[in-house]
Engineer: 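I have a structure here, written as structure tokens, and I will follow up with some questions on it.
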Amino acid sequence: MKTLLKPSDIADKSDRLCHVAPGELTPLPYPYEDFNQTVLTPLKPEKIGNIEASLDDTVAIGIPKPANQEEEEALVRQFLSGLKKLFEKENNWTFLQPLLLSMEHCAKCHTCSDACPVFEMSGRKEIYRPIFRSEVLRRVYRKYLKPGGKITAKLTGDIDLNWKTIARLAELSYRCTLCRRCAMVCPIGVDNGLINHEIRKLFSQEMGIAPKEIHDKGSVQHLKVGSSTGMNPMAAKDSAEFIQEEMEEITGYKVDIPWDVEGADILLIHNAGEMLAWPENVGAFAIIFQAAGISWTMSSEAAGYDAVNYGLWYDDVQFARVAVKHADIARRLKVKKIVIGECGHAHKALTVIADRLLTDDLNIPRESAMVTLENIVMNGKLKFDPLKNNFPVTLHDPCNVVRAMGIVEPQRRILRKIAPRFREMTPHGVENYCCGGGSGFAIMSGYNFAEWRNLVSSRKKFLQILNAFEDEPQAVPKYVCAPCSNCKGAIRDIINYYHAEERSHLYYGGLVELIVNAFEGMKKPIISFGEKPSWE
Amino acid sequence: MGYYILTYFCIAVFAATIGRLIYRHLTLPLHVRWEIYPVMHEMAERNVYGGSYMEKSDWWRSPYEPSRLNEFKYMVPEILLIRGLWKENKRLWMASFPFHLGLYLMMATVVLLLCHAFFILWAGTAFAADGIIRMIMNGLIPAAGWLGLTAGIAGGLFMLYKRLADRELRNYSTFADYFNLLFILLFFVFALLTVLSGDPSLNGARHYVLGLLTAGAFDPVYAPGQTIPGAFTIVLASLLIAYIPLTHMSHMFMKYFLYHSVKWDDIPNKRGSSIESAVIMNLKFKPTWKAKHIGADGQKSWRDIASSAPREMK
Ligand code: SF4
Ligand code: SF4
């Protein structure tokens, strides 16, 4: 039996701390057994020569290697200075109390381990255990920042702090999807997801270290250009125009997307990724709102048409900047409320987290689209023919919508009304498993990271989806309803990676598409499976 | 008198540590919301599946009305029966439950001993030798004591065994973890030896508490710690009282904050509310984060920085 890695091994001098060998990942069932020996494509030496890649088989950030010992030492000092700030109210009032409580009360009972899909699917690799990184941080904090730490470390757990420790810890903070399933089951209430979040913050806010997809191309581009997709306001309006035309062509329904309507009841903000990757989602929202006679608008101001807030995953300051922008746009448009489209992290960011950031007239009421849609579907004004959705449907619960916000039933009540063959995954609701794309993973694909996501962090979701449709014949098209752009991205990728469209007839999409598909009197379906429309 | 002084001192350390911990948490700045559903004070129909008030359209028009009763209904079995662990980790519960039960019954025994002393010292007439209250006390004190000691030893040994035998648990266990367990076990063992060696009704403990409350004046003939196990029990119990809040075992009390101030803190920020005032205060803090994009200089407040652009854009 191999010896288990310990938190102190993170300082180890080896070139790679953890490696997943063929056959170690949790096995997949028929017809996916051919993937059971698949492991990550090895990182090319020439690509990783100058970056830190000594944690495992992948790289999320790609931190440049320090040039010399002095630089290493300077980085260690920077790290310690950032760590200290995590425990200061001036710097971290946002999460100080939750962090202190989680740092001080873990009983190391490992109840959280079995709740973590990354740890479980990886074949129980120690570095992915929820408390592994928390223990590393605790030990460093106690030893290097607490009085007498060097002595107490011998009793409460020792660790060496060198550049390897730090570089690996930075990478390791991007092997957890922040799904907080571990926190939900911890009998004491300790939150390893939160500790991981704070580690990411330390690296970003003090050392400027974060994956480029979520910082440079993400939150910075969002604030600079208007959207993390790179779409400026003009391009956003163009793509909406294209969506209107597409909708008319696909469904026969003529729709108008209203822009910048002052005094509208609702400001609808989508994840702008929808406009590019899933325009039918944006179109379907417009059809529903128009058909229901809702007073609504979209904003063409920079950041106003993109609900994402990547800061939620790694940086409180970037988070605050985007949240304030969103609220300010709504304030100036004088809308009655903001409705957040099908984007899980945007739900939590603007509704829950920003709640204790926005004051006075920036504190505009904010509502989940699940709730707005339920109101529309249930109030009887619109007529539905559920048989138009007569195919097997299962629902993926975005962690940020269910576990982090408690929006669980509205989407289900809608599905029970319009999708006669809806079935749940096991487990579901607040106990759901993450899609594997949470906390930025869905948009991170440098080096071989997307492969790691498909093989490890999304594996549990893939198994859950297969289980939900276990009783259906292979040839029947099946629909995974994922009311979140990032989750949709991750599910799209697993379907592609495992050839699940060919092998299991798996398709995916949002909730609004199902609603529009079931509209009575709609000439053509919005959902099609491959070439075939869903009604056939 | 030395024993009494030690116990007074340890109780003072306990009170000061707990007081400090609680004070610190009560005076920390209000943090952002980070609740996890299910939030147990939600109304019954949403509580069952973990829903929140945000499931209601225009929820901000309704008053925020958490159900303390639902919270209580969850908390009581959680504290007494360690229900969360039963649900998520039954194998560990088998050890953890008797261990915690032992500790709870020890606390109950102390409370009973205090009541007993109170009756004797200040309500003598209600505590006549053949009175009902005395009979009940005489039954409850040894029952809680014996049961607690037995459960505590069984649970403690089982916990120790698990920590040593399970390679995953062992891998994260440090000297302090074993020390904590052994410390508590040692107290249980000496206390059991004391009652086994001729004091099944816990008379020694009754006298000791009476002595503590009267600084030894109640019965000048009684001298604590006459037997070796008795002396060890007093010393270990006293030290344990001082020690527990200094370790992660303070979760016994701090769980209140873990749950109420974080996991279940879903209080919305309404305009003009005390939450809003606290947020306004927080936004005045001046961060010193060093990364370039933050643009902090120790002079600008969170409010200034949140309404500015990152450095990369300028
Ligand atoms: S975080 Fe909670 S569940 Fe996990 S080991 Fe610590 S106490 Fe146990
Ligand atoms: S937050 Fe999710 S992914 Fe991260 S350690 Fe916890 S369970 Fe695992």
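These numbers were taken from a predicted model, which means no experiment stands behind them. Sequence lines set the chain letters: A, B, ... in the order given, protein chains first and strands last, and positions in each chain run from 1.
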Engineer: Do B:Lys270 and A:Asp355 sit within salt-bridge range, that is, some charged N less than 4.0 Å from a carboxylate O?
Structural biologist: no
Engineer: Which atoms of A:Phe319 are under 4.5 Å from chain B, going by heavy atoms: the side chain, the backbone, both sets, or neither?
Structural biologist: neither
Engineer: What's the verdict on salt bridge (Lys or Arg N to Asp or Glu O under 4.0 Å) for B:Asp58 and A:Lys337, showing C-alpha distance, side-chain angles and the deciding distance?
Structural biologist: CA-CA 9 Å; B:Asp58 292 348; A:Lys337 61 182 169 191; 2.8 Å; yes
Engineer: Tell me, side chain or backbone of B:Lys56 under 4.5 Å from chain A's heavy atoms, or both, or neither?
Structural biologist: backbone
Engineer: For residues A:Ser368 and B:Met54, determine if any side-chain heavy atom of one lies less than 4.5 Å from a side-chain heavy atom of the other.
Structural biologist: no
Engineer: So B:Lys255 and A:Glu104, salt bridge (Lys or Arg N to Asp or Glu O under 4.0 Å) or not? Walk me through it.
Structural biologist: CA-CA 11 Å; B:Lys255 199 165 161 173; A:Glu104 287 169 6; over 6 Å; no
Engineer: Begin from the C-alpha positions of B:Ser57 and A:Glu367 and carry the test side chain to side chain contact (heavy atoms under 4.5 Å, CB included) through to its verdict.
Structural biologist: CA-CA 7 Å; B:Ser57 183; A:Glu367 182 171 281; 3.5 Å; yes
Engineer: Could you tell me which non-hydrogen atom of B:Glu55 sits nearest to which non-hydrogen atom of A:Val408, and how far apart they are?
Structural biologist: OE2-N, 2.7 Å
Engineer: Below 4.5 Å from any heavy atom of chain A, which atoms of B:Ile36 appear? Answer side chain, backbone, both or neither.
Structural biologist: both
Engineer: Check B:Glu168 with A:Arg124, please: is the shortest side-chain N to carboxylate O separation under 4.0 Å?
Structural biologist: yes
Engineer: Using non-hydrogen atoms only, which part of B:Lys286 is less than 4.5 Å away from chain A: side chain, backbone, both, or neither?
Structural biologist: backbone
Engineer: Decide, yes or no, whether a salt bridge links A:Glu409 with B:Arg46 under the criterion of side-chain N to carboxylate O below 4.0 Å.
Structural biologist: no
Engineer: Counting only heavy atoms closer than 4.5 Å, note whether B:Val262 contacts chain A via side chain, backbone, both or neither.
Structural biologist: side chain
Engineer: Heavy atoms only: give me the nearest A:Met207-B:Ala291 pair and the separation to one decimal.
Structural biologist: N-CB, 4.3 Å
Engineer: Measure A:Leu357 against the heavy atoms of chain B and call it side chain, backbone, both or neither at under 4.5 Å.
Structural biologist: both
Engineer: Find the distance between OG1 (A:Thr111) and NZ (B:Lys87) and round it off to the nearest 0.5 Å.
Structural biologist: 12.0 Å
Engineer: Please answer whether the main-chain N or O of A:Thr359 pairs with a side-chain N or O of B:Arg271 as donor and acceptor at a distance below 3.5 Å.
Structural biologist: no
Engineer: Which one of B:Thr174, B:Asn171, B:Leu169 satisfies the side-chain contact (heavy atoms from CB on, under 4.5 Å) criterion with A:Lys108?
Structural biologist: B:Thr174
Engineer: Between A:Arg181 and chain B, which part of the residue has a heavy atom less than 4.5 Å away: side chain, backbone, both or neither?
Structural biologist: neither
Engineer: For the atom pair OG1 (A:Thr152) and CZ (B:Phe175), what is the distance rounded to the nearest 0.5 Å?
Structural biologist: 12.5 Å
Engineer: Walk me through it: do A:Ile407 and B:Tyr37 pass the test side chain to side chain contact (heavy atoms under 4.5 Å, CB included)?
Structural biologist: CA-CA 9 Å; A:Ile407 307 272; B:Tyr37 292 86; over 6 Å; no
Engineer: From A:Met405 CE over to B:Arg33 CZ, what is the distance, rounded to the nearest 0.5 angstrom?
Structural biologist: 8.0 Å
Engineer: If you measure from CD1 on B:Ile294 to CG on A:Asp316, what distance do you get to the nearest 0.5 Å?
Structural biologist: 8.5 Å
Engineer: Name the region of B:Leu30, side chain, backbone, both or neither, that has any atom closer than 4.5 Å to a heavy atom of chain A.
Structural biologist: both
Engineer: What option among A:Asp328, A:Val322, A:Asp361 has the most heavy-atom pairs under 4.5 Å with chain B?
Structural biologist: A:Asp361
Engineer: Look at A:Glu88, A:Arg129, A:Lys336, A:Gln78 and state which one has the largest set of heavy-atom pairs under 4.5 Å with chain B.
Structural biologist: A:Arg129
Engineer: So which of A:Val430, A:Thr156, A:Asp158, A:Leu155 has the largest heavy-atom pair count under 4.5 angstrom toward chain B?
Structural biologist: A:Leu155
Engineer: Is it the side chain or the backbone of B:Arg163 that comes within 4.5 Å of chain A heavy atoms, both, or neither?
Structural biologist: side chain
Engineer: For B:Arg91, which atoms come within 4.5 Å of any heavy atom of chain A: side chain, backbone, both, or neither?
Structural biologist: neither
Engineer: Taking all non-hydrogen atoms of both residues into account, name the closest pair between A:Asn91 and B:Trp302 and its distance.
Structural biologist: O-CZ2, 3.2 Å
Engineer: Can you name the nearest heavy-atom pair linking A:Leu96 to B:Pro29, along with the distance?
Structural biologist: CD2-CD, 4.4 Å
Engineer: Quick one: are A:Arg321 and B:Ile305 in side-chain contact, heavy atoms under 4.5 Å?
Structural biologist: yes
Engineer: Which residues pass the salt bridge (Lys or Arg N to Asp or Glu O under 4.0 Å) test with B:Asp166, sequence neighbours left out?
Structural biologist: none
Engineer: Below 4.5 Å from any heavy atom of chain A, which atoms of B:Leu28 appear? Answer side chain, backbone, both or neither.
Structural biologist: side chain
Engineer: Name the option with the most non-hydrogen atom pairs under 4.5 Å to chain A; the candidates are B:Asn180, B:Val39, B:Ile267, B:Ile280.
Structural biologist: B:Ile267
Engineer: Of all of A:Lys89, A:Glu135, A:Lys325, A:Lys85, which one pairs up most often with chain B through heavy atoms under 4.5 Å apart?
Structural biologist: A:Lys85
Engineer: Would you name the heavy atoms of A:His105 and B:Ser250 that are closest together and state the gap between them?
Structural biologist: CE1-OG, 2.9 Å
Engineer: For B:Glu78, is it the side chain, the backbone, both or neither that has a heavy atom under 4.5 Å from a heavy atom of chain A?
Structural biologist: side chain
Engineer: SG/A:Cys186 to NE2/B:His251 distance, rounded to the nearest 0.5 angstrom?
Structural biologist: 9.5 Å
Engineer: Quick one, A:Pro187 and B:Glu88 - any side-chain contact, counting heavy atoms below 4.5 Å?
Structural biologist: no
Engineer: Answer yes if the side chains of B:His31 and A:Asn92 hold a donor-acceptor pair under 3.5 Å, and no otherwise.
Structural biologist: no
Engineer: Using side chain to side chain contact (heavy atoms under 4.5 Å, CB included), reason through B:Glu35 and A:Val352 one step at a time and then give a plain yes or no.
Structural biologist: CA-CA 9 Å; B:Glu35 71 258 31; A:Val352 179; 3.6 Å; yes
Engineer: Quick one: of A:Thr372, A:Leu100, A:Asp114, who has the most non-hydrogen atom pairs under 4.5 Å with chain B?
Structural biologist: A:Leu100
Engineer: Sort out for me which of B:Gly84, B:Ser307, B:Pro287 touches chain A most, counting heavy-atom pairs under 4.5 Å.
Structural biologist: B:Pro287
Engineer: Between A:Gln205 and B:Trp289 (side chain of the first, backbone of the second, donor and acceptor by atom type, cut-off under 3.5 Å), is there such a pair?
Structural biologist: no
Engineer: What part of A:Leu358 gets closer than 4.5 Å to chain B, counting heavy atoms only: side chain, backbone, both or neither?
Structural biologist: backbone
Engineer: Consider only side-chain N and O atoms of A:Gln97 and B:His25, and report whether a donor and an acceptor are under 3.5 Å apart.
Structural biologist: yes
Engineer: On the ring face of B:Trp34, is A:Arg180 found with NZ or CZ under 6.0 Å from the centre and within 45° of the axis?
Structural biologist: yes
Engineer: Which bit of B:Tyr49 comes within less than 4.5 Å of chain A, counting heavy atoms only: side chain, backbone, both or neither?
Structural biologist: both
Engineer: Working note: A:Glu126 + B:Tyr172, criterion side-chain hydrogen bond (donor to acceptor under 3.5 Å, both in side chains); need CA distance, chi angles, decisive distance, verdict.
Structural biologist: CA-CA 11 Å; A:Glu126 275 312 307; B:Tyr172 287 80; 2.7 Å; yes
Engineer: Under a 4.5 Å cutoff for heavy-atom pairs, which residue among A:Thr94, A:Val317, A:Val324, A:Asn375 has the most contacts with chain B?
Structural biologist: A:Thr94
Engineer: Hey, mind stepping through A:Ser204 and B:His293 against side chain to side chain contact (heavy atoms under 4.5 Å, CB included) and telling me if it holds?
Structural biologist: CA-CA 9 Å; A:Ser204 175; B:His293 70 272; 3.6 Å; yes
